[in-house]
Novice: 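Input: one structure, supplied below.
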Amino acid sequence: MKLKSLAGLGVLAAIGLASCQSESKKTSSTDSLKSDSSAVVTLVADSFKKEIDGKQTALYTLKNKNNAEAIFTNYGGRLVSLLVPNKDGKLVDVVVGFKSVSDYEKSTEPYFGATIGRYGNRIAKGKFTLEGKTYSLFTNNGQNTLHGGKKGYQYVVWDATQPNASTLVLHYLSKDGDENFPGNLDVKVTYTLTDDNELKMDYEAKTDKTTVVNLTNHAFFNLNGDGSGTILNHEVQIYADGYTPVDSTLIPTGKIEKVAGTPFDFTKATTIGARINDKNEQLTFGKGYDHNYVLNKTKAMGMFHAATVKGDKSGVVMDIYTQEPGLQFYSGNFMQSKNTFKSGAKDDFRTAIAMETQHFPDSPNQPAFPSTVLKPGQLYKTSSIYKFTK
C-alpha cells in the first residue's frame, strides 16, 4: 500500500453504473471457442442482470488483441472468467466461477472472484484500536473477522463503467460505520486486460476518518481450466524466504519465520501436493496452505515478483507482481463440493487456489507488521498484475 498526499488531486468522482452491456442480451465470444476446451463455456448476460439492494447488476467483458477475455460482474466486483491461451494456443478459462448472479448469491463460498474489503484477510477477535478508540466488528470466521465482516464488498453492487474495451472501473462508497469500520471510504478499483495478457488491478481509496484498509481480489485459479480437477500438480514458486505462522484460528502469531526446511518452502518451483500432507502443525491449522508469505521484494515489472504458478496440463504460466508486502497462498482446503461451477463441475476439495496480494493479516493488532492505517488527506494506492504466458 502506498500513501500519497491528496494535495493537488481532485476528489474521486462517483462513477455511474454503466448500462451499455445491460441493455441488450449479449454472450461472451467464448461461444465460438467452446469446442477448443471443455473448460470454456458461454456466459449469458441476462443471467447476470438482477436488482440487488436497489442497484442493477450486469456482466462486463474485457478483451485484448490476442482474443483473451476477462469477464466480470459488478455484483461483488467479481472476476467470473479469465480466458488465456494454453500451450496449444487454445483459450482456457483459468478462473473458476458461476453462470449467474443468483449462483453467486446462494454460494456457500462467498468469495469466488470477489473484490475484497474493507479489510482483506483476518482481524483477531473482530477488534482493533485506532487513536484510542476500540472498534468491534462482526465475527464471521469463528472468533475472528474475515474479509470485511458479515457484508464485505463481495456482497455489494459496485458502480461500474467501461471507458474502453480492455478496462473496467468499479466504484463503491463504503459509509462510516459500514461493518463498524470508521470513516467514509471512497474506493475505486480499475481492472485492465493488457495486450501482454496481463490482468492489472489498480486500487485507490480515501477516507474522511482514520481507518484501516487492505484491498485485494479473491480470484480462485485453476490453470488447467474451470472444472478440470485437482490443483495439487500445479507447480508453485513463491519469492519469499519467510512467512507469518498462525495460531489455531489462523491469526498470525506476530513472528516471521523462515520457510527453509519446512513444507512452506516454495523458493524453488514445487508442486502444491508435494508436501501438503506432511505432519506439520501449521498445515494442520490451515488444513493445508492458507498462509501469508513475506515477499522478498524481488524487483520485476517495476513491482515485487510475488509468485509463479504453472498448470501441469495446460502449460499456462501465471506470474504475479505487486506493490504489496505479502501474498496469501490458499490451496482450496475448504472447498466442499457444495456449489456448481460454470463448467458443470462441483467445487471439489482443492480444485482451485487463491493467490491474494495483500498487507499482512491482523495488521491493525500487530504493530510490527506494515501498517494498514489510512488517514484523511492520504491516498491509498496500490497495484498488482497477474500475467499469463505459456
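Residue indices begin at 1 and follow the sequence shown.
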Novice: Should Lys209 and Asp176 count as an ion pair when the cut-off is N to O under 4.0 Å?
Specialist: yes
Novice: Using a strict cut-off of less than 4.0 Å between a Lys/Arg side-chain nitrogen and an Asp/Glu carboxylate oxygen, indicate whether Asp290 and Lys287 qualify as a salt bridge.
Specialist: no
Novice: Is it the case that the side chain of Arg118 and the backbone of Asp178 share a donor-acceptor pair, with hydrogens and angles ignored and the cut-off at 3.5 Å?
Specialist: no
Novice: Start with the C-alpha gap between Asp93 and Ser81, add the side-chain angles, then the distance that decides, and say whether side chain to side chain donor-acceptor pair (under 3.5 Å) holds.
Specialist: CA-CA 6 Å; Asp93 189 351; Ser81 176; 2.9 Å; yes
Novice: Indicate yes or no: does Asp53 engage Lys151 in a salt bridge with an N to O separation below 4.0 Å.
Specialist: yes
Novice: Scan side-chain atoms only and decide if Asp195 and Asn64 contain a donor-acceptor pair under the 3.5 Å cut-off.
Specialist: no
Novice: For Tyr153 and Ser174, does a side-chain donor sit closer than 3.5 Å to a side-chain acceptor?
Specialist: yes
Novice: Look at the aromatic rings of Phe341 and Phe112 and report parallel, tilted or perpendicular, splitting at 30° and 60°.
Specialist: perpendicular
Novice: Are the aromatic rings of Tyr191 and Phe72 close, with centres under 6.0 Å apart?
Specialist: yes
Novice: Taking it one step at a time, do Asn141 and His147 satisfy side chain to side chain donor-acceptor pair (under 3.5 Å)?
Specialist: CA-CA 9 Å; Asn141 185 241; His147 292 329; over 6 Å; no
Novice: Between Ser100 and Asp103, is there a donor-acceptor pair closer than 3.5 Å when you use the side chain of the first and the backbone of the second?
Specialist: yes
Novice: Considering non-hydrogen atoms only, spot the tightest contact between Val101 and Thr57 and give its length.
Specialist: CG2-OG1, 3.7 Å
Novice: Answer yes or no for Lys342 and Phe98: cation-pi contact, defined as NZ/CZ to six-membered ring centre under 6.0 Å and angle to ring axis within 45°.
Specialist: no
Novice: Verify the distance criterion only: is there a donor paired with an acceptor across the side chains of Thr108 and Lys338 at less than 3.5 Å?
Specialist: no
Novice: Determine whether a donor-acceptor pair (N or O, by modelled atom type, separation under 3.5 Å) exists between the side chain of Thr192 and the backbone of Thr194.
Specialist: no
Novice: Between the main-chain N or O of Pro163 and the side-chain N or O of Thr167, is there a donor-acceptor pair closer than 3.5 Å?
Specialist: no
Novice: Do Tyr172 and Thr115 have side-chain N/O donor and acceptor atoms under 3.5 Å apart?
Specialist: no
Novice: With distance as the sole test, does Asp347 use its side chain to make a donor-acceptor pair with the main-chain N or O of Asn339 at under 3.5 Å?
Specialist: yes
Novice: Looking at Gln282 and Pro245, would you say the former's side chain and the latter's main chain have a donor-acceptor pair under 3.5 Å?
Specialist: no
Novice: Would you please say whether a donor-acceptor pair under 3.5 Å links the side chains of Tyr386 and Asp319?
Specialist: no
Novice: Does Tyr321 sit in a hydrophobic cluster with other residues, and if so which ones, taking ILVMFWY side chains as linked at heavy-atom separations under 4.5 Å, directly or through other members?
Specialist: Met301, Met303, Ile385
Novice: Does a donor on one side chain and an acceptor on the other come within less than 3.5 Å for Thr249 and Asn144?
Specialist: yes
Novice: Without swapping roles, check the side chain of Asn86 against the backbone of Gly315 for a donor-acceptor pair under 3.5 Å.
Specialist: no
Novice: Can you list every ring-ring contact (aromatic ring centres under 6.0 Å, His included) pair that touches residues 245-273, not counting sequence neighbours?
Specialist: Tyr243-Phe264, Phe264-Tyr289, Phe264-His291, Phe266-Tyr289, Phe266-Phe329
Novice: Is it the case that the side chain of Asn222 and the backbone of Thr351 share a donor-acceptor pair, with hydrogens and angles ignored and the cut-off at 3.5 Å?
Specialist: yes
Novice: Is the closest basic N to carboxylate O distance between Asp348 and Arg350 below 4.0 Å?
Specialist: no
Novice: Is the backbone of Leu215 close enough, under 3.5 Å, to the side chain of Tyr380 for a donor and an acceptor to pair up by distance?
Specialist: yes
Novice: Test side chain to side chain donor-acceptor pair (under 3.5 Å) on His359 and Glu324 and set out the steps.
Specialist: CA-CA 6 Å; His359 268 56; Glu324 291 295 287; 2.7 Å; yes
Novice: Going by atom types alone, do Gln358 and Asn121 pair a side-chain donor with an acceptor below 3.5 Å?
Specialist: yes
Novice: Which of these passes side-chain contact (heavy atoms from CB on, under 4.5 Å) with Ile71: Leu43, Leu79, Leu62?
Specialist: Leu43
Novice: Does Asp46 come within less than 4.0 Å of Lys49, counting only side-chain N to carboxylate O?
Specialist: yes
Novice: Is it the case that Thr190 and Asp202 place a side-chain donor and acceptor less than 3.5 Å from each other?
Specialist: no
Novice: Taking all non-hydrogen atoms of both residues into account, name the closest pair between Leu130 and Val373 and its distance.
Specialist: CD2-CG2, 3.8 Å
Novice: List in chain and number order the residues that pass salt bridge (Lys or Arg N to Asp or Glu O under 4.0 Å) with Lys50, two or more places apart in sequence or in another chain; answer none if no residue qualifies.
Specialist: Glu105
Novice: If we ignore angles and hydrogens, is there a donor and acceptor under 3.5 Å between the side chains of Lys346 and Thr340?
Specialist: yes
Novice: Between Thr322 (side chain) and Ser384 (backbone), is there a donor-acceptor pair under 3.5 Å?
Specialist: no
Novice: Quick one about Ser363 and Thr372 (side-chain donor to acceptor, distance below 3.5 Å, no hydrogens or angles considered), yes or no?
Specialist: no
Novice: Is there a donor-acceptor contact under 3.5 Å linking the side chains of Thr298 and Asn296?
Specialist: no
Novice: Hey, what's the ring geometry for Phe369 with Phe360, parallel, tilted or perpendicular (30° and 60° as the breaks)?
Specialist: perpendicular
Novice: Glu131 and Thr210: side-chain donor and acceptor closer than 3.5 Å?
Specialist: yes
Novice: Does the pair Asp88/Lys390 count as a salt bridge with the N-to-O cut at 4.0 Å?
Specialist: no
Novice: Going by distance alone, is a donor N or O of one side chain under 3.5 Å from an acceptor N or O of the other, for Asn74 and Asp159?
Specialist: no
Novice: Apply side chain to side chain donor-acceptor pair (under 3.5 Å) to residues Asn66 and Asn197 and explain how you reach the verdict.
Specialist: CA-CA 8 Å; Asn66 307 314; Asn197 291 345; 3.0 Å; yes
